[in-house]
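Side chains included, hydrogens not; waters and symmetry mates left out as well; all remaining heavy atoms used.
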Amino acid sequence: MDLSYVKKIIKLVEHSEIDEIEIEEEGKKIRVARNRKVEVVSQAPYSVPAQAPVTPAPASVMVEAPHVAAAAPESGKQFHEVRSPIVGTFYRAPAPDAETYTEIGQTVKVGTVLCIVEAMKLMNEIESDADGTIVKILVENGKPVEYNQPLFLIEKS
């Protein structure tokens, strides 16, 4: 595929209502997906977000808003955020049929494995960087995460 053809495909996605397109030609494959900026509005720190408005941006990589996996913790308290050190896919267990690493209400220590973020077929264990109790899991299993995106809220002990 020549570069001008790829640029035309990118412009097609940018100026249309489609979110992504995948084309295979002569054994070469190209996938173009619309990037989405997400704005989350909340009344108190770490409360369940209201409907998140989505604004289309230039075509590149698809990003989804984080899904809240638990009820909101008590407002007014300060919580430690465990953030993703890389871009990848969030998994709560080492395998689809295995038990999850952690659950809400579980006490964790520094170094406790909380989840895996898969990046380029490499499984990266994400460890707790604080002692405390998990009060919220901010990402749904199998969903993409961005660099520095909050994954867990921990009430420090």
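Atoms OG1 and CD1, on Thr107 and Ile134 in that order, are 9.0 Å from each other to the nearest 0.5 Å. Rounded to the nearest 0.5 Å, atoms CZ (Arg83) and CG (Asp129) are 10.5 Å apart. Once rounded to the nearest 0.5 Å, the distance linking NZ of Lys121 with CE of Met123 reads 8.0 Å. Distance check, rounded to the nearest 0.5 Å: CD1 of Ile126 to OG1 of Thr102 gives 12.0 Å.
A 4.5 Å side-chain heavy-atom check between Glu125 and Tyr101 finds at least one atom pair inside the cut-off. Contact of the Thr89 side chain with the Val117 side chain is not registered, since no non-hydrogen atoms from C-beta on lie closer than 4.5 Å. Considering only heavy atoms from C-beta on, Val82 stays 4.5 Å or farther from Pro150 through its side chain. For the pair Val110/Ser128, no side-chain contact is recorded, criterion being any heavy-atom separation below 4.5 Å from C-beta on.
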Applying side-chain contact (heavy atoms from CB on, under 4.5 Å), run through Val139 and Gln149 and close with a yes or a no.
CA-CA 9 Å; Val139 181; Gln149 177 179 338; 3.6 Å; yes

I'd like to know whether Cys115 forms a side-chain contact (heavy atoms from CB on, under 4.5 Å) with Phe90, so could you lay out the CA-CA distance, the side-chain angles of the two residues, the decisive distance to 0.1 Å, and finally the verdict.
CA-CA 7 Å; Cys115 66; Phe90 175 86; 3.5 Å; yes

Pair Ile154, Phe79 - check side-chain contact (heavy atoms from CB on, under 4.5 Å), show working.
CA-CA 6 Å; Ile154 296 178; Phe79 298 100; over 6 Å; no

Could you walk me through whether Val135 and Phe152 pass side-chain contact (heavy atoms from CB on, under 4.5 Å), step by step?
CA-CA 8 Å; Val135 293; Phe152 297 88; over 6 Å; no

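Formation of a donor-acceptor pair under 3.5 Å by the Asn124 side chain with backbone atoms of Leu122 is found in this model.
The only option from Leu151, Thr100, Val108, Ile137 that meets the side-chain contact (heavy atoms from CB on, under 4.5 Å) definition with Leu114 turns out to be Val108.
Here the closest non-hydrogen pair linking Ser84 and Glu146 is CB-O, 3.5 Å. Ala93 and Ala98 get closest at one heavy-atom pair: CB-O, 3.6 Å.
Hydrophobic cluster membership differs between Val145 and Val87, with clusters built from Ile, Leu, Val, Met, Phe, Trp and Tyr side chains linked at under 4.5 angstrom.
For Glu103, the salt bridge (Lys or Arg N to Asp or Glu O under 4.0 Å) partners at least two apart in sequence or on another chain are Arg92.
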